[in-house]
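First up is the structure itself, then whatever we jot down about it.
A, B, ... follow the sequence lines: proteins, then strands. Residue 1 opens every chain.
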Amino acid sequence: MAAQPKTLPADQPSYLEGGGILGWLTTIDHKRVAVMYLVSALFFMALGGFEAMAIRVQLWRPDNHALSAATYNAFFTMHGTTMIFLVVMPLLLGFFGNFLIPLQIGARDVAFPRLNAASFWLALVAGILLHLGWIRGGLPDAGWFGYANLTERYFTPGLAIDWWVIGLLVSGASTVLTGLNFLTTIIAMRAPGMTYMRMPMFMWSLMVTSILILIAFPALTIGLIFLLFDRFFGTHFYVASAGATPILWQHLFWLFGHPEVYIMALPAFGIISEVIPTFSRKPLFGYPMMAYSICLIAFLSYGVWGHHMFATGMGPVADSAFAITSMLIAIPTGVKIFSWIATVWGGSLRMTTAFYFALGMLIEFTVGGLSGIMHASAPIDLQQTDSYFVVAHFHYVLFGGVMFTIMSAFYYWWPKITGRMLDERLGKWHFWLTVVGFNLTFFPMHFLGMWGMPRRTYTYGADMGWMRLNQLETIGAFILGIAFLFFYFNLFKSVASREQAPADPWDGRSLEWSTPSPPPAYNFATIPQIRGRDAWWILKYGHAGSRGVAAYMSGQAPSQPQPSQPASVEDIHMPAPSIFPLVLSLGVGMMGLGLIIDWYRIILIGAAVAVLSIVGMGFEYADFGEESHDPEHAPSSGGVDVRKIGMWSFIGSECVFFASLISTFIVYKSRSVSGPGPQILNIPLTSFSTFILLMSSLLMVLALAATQRGDKRWERIWLGGVIAFGLIFLGGQVYEFTSFYHEGMGLTTNLFSQSFFVLVGFHGAHVAIGVLWLSVLLAAAMTGKLGQSRALSVELAGLYWHFVDVVWIIIFTLVYLMQAVPGA
Amino acid sequence: MIGRGSNRYSIATIVMQIAIALAITGCSATDHPMTTLSPKSDLAQWIQSLYIDVTVWDAIILAIVVCAFILAVFVFSSRVGEAAPASTASSDLGLEIAWTLGPTLVLVMISVPTVRTIFRSQPAVAPAGALEIKVAAHQWWWEFDYPDGAKTGNELHIPANRPIRLLLASADIIHSFWVPQLGGKRDVVPGQINELTFVATVPGMYPGQCAEFCGLSHANMRFRVFVDSPDDFAKWDRAQLAGPAAIPATDLLALNGANVFANSPCTTCHMIQGISKGYIGPDLTHFGSRTTLAAGVLKNTPENVAKWIVNPQGTKPGANMPALLLPGPKMNALVAYLEGLK
């Protein structure tokens, strides 16, 4: 071992110490939030694993009755939903991402710590909502991609799908907030000297993943909102008899769903790129290509969703286009595999459990990637899609690729996170049982698929010849289950032990290994200065890698850089704990619960609680803003305030939100089977309110200018003007909607009316939120709290306001003006 | 197809192709009646050829990766403590270009036949002389309507060596039509008519199954396709167009059963030409001529018919058919009548 075990100095309590239960409930420390994600994900992983075992028991023999059809359908639905939304993403992003982003880029916390805590609590609320069907209404049972129109209330009555819709909406909100937070953190809070090309590859992958989250999840949100309107308010977004098409759901879902695959895979690629160099004692091979290939994969992943829909009859042109773009993804992925092998090549390997899992991932993931090439070829996919072949494929990618990586990450970072080592001997058992169990479970599925066994079938006939392999798979699944028992036991044993892990047990390369294990709440006493890639390695051994290693081999102890000696810990100001993230999430949970069990009082209480806790967070933030050392207000490495970057990220995400709504409107506006169409629109009236809204943007500019020059009087006047104009616009909209109702066009009248009301209504809601926001600012201005130093608050509201206005210009053009043009 | 496609490859790949082709056709269709590896139509054959091409390329790539992996881990590296890393190189332009261009070339080799097969397998208009059959998917059974008016449920008969064009429509939600030996899946989507065009080449019985999750009894939405010789098909078609088989005057049991049927709730949903007009469930006019019932789940035997009528939910959870509890003699009569509907 390179570094000697160190004991913690008494003056550096670790982040795990102190605070009691309340300390955890109110924590906004990224490391504690990460640990809470861990606990919840470990629980859900056991639950999802149990569901998988039950599925395998039912498939043991033909015409088996271990599970009923209904239970089986619920179990495979919840197995997929749980593993994706409540296990893999929370582990990769919530646990490892949260814990390591600030530690690897040399920061004290993420950009928005309260938002981060809110993300966790929302994720937990989502997990609970998804499982409340155990108590009432039954578990969701339409598959993890819940294809419409099976999910319409007519075909699936009851509450099961309602829990699923609301649970996923909350989960999506949580994930988008996490993406926004991570992206801002990585862009803005890197330590001095850490350029993009010096970041650990895990940070690259998380940065790109965050962008993917921001632009992919809104498509799912829109799909779910349409489904929610169909189920609760009687619209027909996916009902063929109303002129709509259930295929719309598939487009929206896979527009999210395929990037989602890379939202899970890219962080895994990043982790592998950390583990392999460490245990090969070599720098990562082809760093620039590795970074670019992550970007390329993310870019391509947004143009391949159609390969999930080859069987739906998109036509040969679309099939060919999606086939080719899907194949292209293999190129950057191949670059990654070869670069990882080249990193190992010539290395001085330390065969730890973490490294075993990383090497195992290389092979298992390659198998999954190669069967993926088969699916990209559309005609082959028509034989393989929805068969067990595809089940084999995505388990090789998601278990062989991602879960192996997660296991590797556990063995690698556990000492840093808990201050305790995991047992290597148990770890090797865990590894080999996993390899045997995994391949025994999933490799035969390739053959079952080729022999025609469809997925999602609770039973099969004895004459199909599928029994033998199914039995082999069930045996494999139980071996895999035992492997997980070893894993859980290893975690338990490690936490129960008293042996202190060294700060740098693997002779690591990145900054987190420069902190004690576990790190103190503030991570770094002094923010380190970064001189190159593999920042900690350079601090230890100097720049020239080979010379450093020669020094290491000759038994020379690494120089002991001391970046974490605080000048005085009292100088470090960390944001205060807050109860509001938890309360906010409870409020959101009450809203969802109330909607489902049809109890409107609970919705109102929940909404009030949520709004009040947002306001409460705002006040905490504002009070804290006076502190000069506030990490939240530190200008970023690029000199731009983190809040501005966060707002721009949010706006980017909103673009996809509105783009999905607008595209749906364009597709549906002329497909109504009856009732009024676009000619009902009142263009003169809307032109007037459009003019008013545009003028409000002008006033917004003036308000910001007044604030920036400290002109309190005009600041109030212009802000008041923006609010007044916003209210006039909303009034016009209320008048317009009311007159439509009187003319016989309600929400559910036809496809035109429902896509119009949902699109324009959501825009109106954005305007209303903007008016509320500006009113709070105006109240602050009236009480003299909105001085020159707070100009940024006005600027942020302005950014939002201008964005909402720009969206309106697009809506006005596409929805209203295009109707006035003959022939459009 | 295999012969023409492989001209491009070296002798080594041809040998590998043959080996793989032997290995997979070794998985016989008798042991695995839903195998995708035993093509019995032009469409299935095209897919099979493409599949073999891609499998060969995949095998080559996997071999390269595994060899490189073994060399890297077990040969060209040392263990920590033994020696310093032999190389600390962190990039090599030549290598990186090679492993970008190599896979790109492979993908070109795969994508050309892929696109060709996509266009070939989805003709815009029906081939000349094609038999167009309307397929309606229901939760959870299949209805087949022939242009000459013949109608059947869950057992599709088609002539060999004549182009078949299936027009797929859904009565409720999304299903997927899949007969592995005759070709790939085609979804059945409400609000649109999807097409599946192929020429079956080998007479025989090929099982199929719904391949898109469609609710509680998705697993029980099976069916059979009978590829008949042209003569057999013509004979079958004539029989289907005729009304229900006449009951021999001596068969008192069946005559009694006809009476039971006519006065039962069965008539609400099931059609028997000239007797009942229901259309919610499958047409029973020629029920006795089918080999299975309950959408391919049960063999068509008197015991199974009785079992099905008494408790449809036991076989197919969620099925719309209500249980019909008849006293023993009446049930026997009804079953005898239905089985006589050849």
Tell me, side chain or backbone of [X] under 4.5 Å from chain A's heavy atoms, or both, or neither?
| X | value |
| --- | --- |
| Val73(B) | both |
| Asn220(B) | side chain |
| Leu101(B) | neither |
| Gln139(B) | side chain |
| Ile64(B) | side chain |
| Thr117(B) | both |
| Gln209(B) | side chain |
| Asp58(B) | both |

Measure the spacing between [atom1] of [X] and [atom2] of [Y] and express it to the nearest 0.5 Å.
| X | Y | atom1 | atom2 | value |
| --- | --- | --- | --- | --- |
| Phe285(A) | Leu95(B) | CZ | CG | 5.5 Å |
| Glu212(B) | Arg455(A) | CD | CZ | 8.0 Å |
| Met289(A) | Leu93(B) | CE | CG | 8.5 Å |
| Asp187(B) | Asp386(A) | CG | CG | 7.0 Å |
| Gln383(A) | Thr35(B) | CD | OG1 | 8.5 Å |

task = Check whether Tyr460(A) gets within reach of chain B through its side chain, its backbone, both or neither, counting any heavy atom under 4.5 Å.
result =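 Backbone only.
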Given side chains that start at C-beta, do those of [X] and [Y] come closer than 4.5 Å, heavy atoms only?
| X | Y | value |
| --- | --- | --- |
| Trp178(B) | Ser387(A) | yes |
| Tyr51(B) | Met374(A) | yes |
| Ser348(A) | Arg79(B) | no |

Ignoring hydrogens and angles, tell me if any N or O in the side chain of [X] forms a donor-acceptor pair with the backbone of [Y] under 3.5 Å.
| X | Y | value |
| --- | --- | --- |
| His32(B) | Trp451(A) | no |
| Lys185(B) | Thr385(A) | yes |
| Ser111(B) | Ile324(A) | no |

query = Listed by chain and number, what are the side chain to side chain donor-acceptor pair (under 3.5 Å) partners of Asn300(B), not counting sequence neighbours?
reply = none
message = Holding to side chain to side chain donor-acceptor pair (under 3.5 Å), I want the full list of residues that pass it with Arg468(A), two or more places apart in sequence or in another chain.
response =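 Partners of Arg468(A) by the side chain to side chain donor-acceptor pair (under 3.5 Å) criterion come out as none, since no residue qualifies.
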ask   = Do the side-chain N and O atoms of Asp172(B) and Tyr154(A) include a donor-acceptor pair separated by under 3.5 angstrom?
value =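 No.
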key: Geometric class of the Trp99(B)/Phe338(A) ring pair [parallel <30°, tilted 30-60°, perpendicular >60°]   =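 Ring orientation, 0 to 90° scale: parallel.
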request  = Quick one: sort the Phe76(A) and Phe213(B) rings into parallel, tilted or perpendicular, breaks at 30° and 60°.
outcome  =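 Ring orientation, 0 to 90° scale: perpendicular.
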query = If every non-hydrogen atom of Ile363(A) is compared with every non-hydrogen atom of Phe69(B), which pair is closest and at what distance?
reply =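 Of all heavy-atom pairs spanning Ile363(A) and Phe69(B), the closest is CD1-CG, 3.8 Å.
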request  = Kindly say whether the aromatic ring centers of Phe74(B) and Trp345(A) come within a distance under 6.0 Å.
outcome  = no
